[in-house]
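Below is one structure, written out as structure tokens, with a few remarks after it.
Computed from a prediction, not measured in an experiment: that's the story for all the values here. First the proteins, then the strands, lettered A, B, ... as listed; each starts at 1. Both backbone and side-chain heavy atoms feed into the values below; hydrogens, waters and symmetry mates do not.
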2 protein chains.
Amino acid sequence: MVYRSEFPVFAVTADLVILTLREQQLCVLLVRRGVEPYAGMLALPGGFVHENEDLVDAAYRELAEETGIDPALVTGLEQLQTYGTPGRDPRPERVVSVAWVMLGANLPDPVAGSDAAEALWVPVTDLCEQELAFDHARILNDGLERARSGLEHSALATAFVGPEFTVSELRGVYEAVWGERLDPANFQRKVTGTKDFLIPVKGQLSLGRGRPARVYRAGPATVLHPPLRRA
Amino acid sequence: MVYRSEFPVFAVTADLVILTLREQQLCVLLVRRGVEPYAGMLALPGGFVHENEDLVDAAYRELAEETGIDPALVTGLEQLQTYGTPGRDPRPERVVSVAWVMLGANLPDPVAGSDAAEALWVPVTDLCEQELAFDHARILNDGLERARSGLEHSALATAFVGPEFTVSELRGVYEAVWGERLDPANFQRKVTGTKDFLIPVKGQLSLGRGRPARVYRAGPATVLHPPLRRA
DNA sequence: CCAAAAGTGTTCCAAGTACACCCATGA
DNA sequence: TCATGGGTGTACTTGGAACACTTTTGG
């Protein structure tokens, strides 16, 4: 350890739990590490916070650098937790990681950059714990729980779909994130009855196998009264 | 800035929002700073995390060092948020603070130690924003909101009272933290009806001005089903 | 006796659940 | 026409809010 004055020296990283839906499946954005430690293993995207850079700005920057995803597509990063147990990073430096969570709609395929050999969407159900580098399995779990809870209390789910969507698309989000089936009839009434949650788009209909659905866009509501509940 | 290898250097602190009830009032533990910067101003207790020390351990240590309060009395520290905007600490070093919240019952008067000129309980209603050093007013606000929300969903409130307590003492906790009056009748039914929340203590009664109340101790429940709601 | 706090009963209403049933389209 | 998913109606149940009322103490 090198001391500048009287206090111990730390490195600080921003680590990201970016979630999206791909073919009805909840997926997390991972990178395959191109450098030691844990070279070749999957990890959450992230990296060192720069001098004079705010923590949240570092998160957006790392997202762009490691995965090529435009930060403008993923507004609304939320701080999750900070992980700093000694030894969680095998490097000699003491590393403290500030983790962030985010949900995105129709995010593009990532392209690897900087320290990442590869960047990809991985369905969360396909992940065994030991596949991830560092303590990232734990961070991912915390992020998933935060996302599940966020759907209950806030209008977050609309971030998972496009700008215009049907009620069943929205229900698909809840079912994928919560991992359970919801009653279509009750879900319909619940979301359409919550003030400022959904705004009907004039006259539009969409096509599918059955009766066409109405199309909505997200309303100004941010918190849901009353909350949508999981079982 | 001094670099050890390729990454910027940070100092990491643990800052504490410790809440308790003193004469029906919600109070926060503050210290009067004895050293620059902000010497003479009130601040949340806290200090630098040591080398090879876990973040949570640093929080407990700082509590003991700065206020003389035995960490054994304040189990259950919960991580709040991490604050790291450049310039939030006027010192040349970049300082990132991991904040923690906790509720305690019947905590003793603090005694100042290390960097603190004074340590004291301050009713949160007596605080104007600009009285606190750094961005501690914001951290305190976030901590208060976390505590208020915690009372809704978890059995946290029992941490604010002694090992044995009456239903109206518990109601006093909710009223002080939420800053609103609750219906004694409905509160009674709610808490006594929540499984594993309260355990009656055999035959005991307490004395006051009216009819004596039954005495309970905290049960094993940690989450409340259904939650107790604020207005 | 009266005041005050503890505790119960009861009524009303908001909201979740389950499920029957109708609607509008494609094949 | 039937299958499929969209959407409404409705009956049941759970739990919160309001408040009347009874109980048990101190003064």
Exercise for the section: Please examine the side chains of A:Leu140 and A:Val28, heavy atoms only from C-beta on, and report whether any two atoms are closer than 4.5 Å. Expected result: yes

Handout entry: Any N/O donor-acceptor pair, B:Arg211 side-chain to C:dA5 base, under 3.5 Å
Key = no

Practice task
Confirm from the modelled atom types if B:Arg189 and C:dG9 form a donor-acceptor pair under 3.5 Å, side chain to base only.
Solution key: yes

Problem - Sugar-phosphate only, base, or nothing, as touched by B:Ser168 at under 4.0 Å among non-hydrogen atoms - result: sugar-phosphate

Handout entry: First of B:His225 and B:Arg209 reached from the 5' end of DNA chain D, by closest nucleotide
Key = B:His225

Problem - A:Lys190 NZ - C:dA18 P separation (whole Å) - result: 14 Å

Completion exercise
Of A:Gly210 and B:Val215, the one whose nearest nucleotide on DNA chain C sits closer to the 5' end is B:Val215

Handout entry: Atom-to-atom span, CG of A:Leu182 to P of C:dA18 - whole angstrom
Key = 11 Å

Handout entry: Interatomic distance where CG belongs to A:Leu224 and C1' belongs to C:dG16 [whole Å]
Key = 15 Å

Problem - Distance-only side-chain donor-acceptor flag, A:Asn141 / A:Arg138, under 3.5 Å - result: no

Exercise for the section: For the residue pair B:Tyr83 and B:Asp142, confirm or rule out a side-chain donor-acceptor distance under 3.5 Å. Expected result: yes

Practice task
Using a heavy-atom cut-off of under 4.0 Å over every strand shown, decide if B:Thr166 touches base, sugar-phosphate, or nothing.
Solution key: nothing

Completion exercise
Between CG of A:Asp183 and C1' of C:dC19 the distance, given in whole Å, is 8 Å

Problem - Rounded interatomic separation in angstrom, taking CG from A:Asn186 and P from D:dT8 - result: 12 Å

Completion exercise
When rounded to whole Å, the CZ to P distance for the pair B:Arg229 and C:dC13 reads 20 Å

Handout entry: Aromatic contact, A:Tyr216 with A:Phe165 (centres under 6.0 Å)
Key = no

Fill in the blank from the handout: Between CD of B:Gln188 and C1' of D:dT24 the distance, given in whole Å, is 14 Å

Fill in the blank from the handout: Rounded to whole Å, CD of A:Gln24 lies from P of D:dG5 at a distance of 11 Å

Exercise for the section: Check whether any side-chain heavy atom of B:Phe160 sits under 4.5 Å from a side-chain heavy atom of B:Val177, and report yes or no. Expected result: yes

Problem - Touch class at under 4.0 angstrom, heavy-atom based, for B:Arg214 against every strand present - result: sugar-phosphate

Practice task
Among the candidates D:dG15, D:dG5, C:dT8, find the nucleotide nearest to the side-chain atoms of B:Ala185.
Solution key: C:dT8

Practice task
Would you mind classifying the nucleic acid contact of B:Ala213 as base, sugar-phosphate or nothing, using non-hydrogen atoms under 4.0 angstrom?
Solution key: sugar-phosphate

Problem - Presence of B:Arg171 side-chain N/O under 4.0 Å of C:dA6 phosphate oxygens OP1/OP2 - result: yes

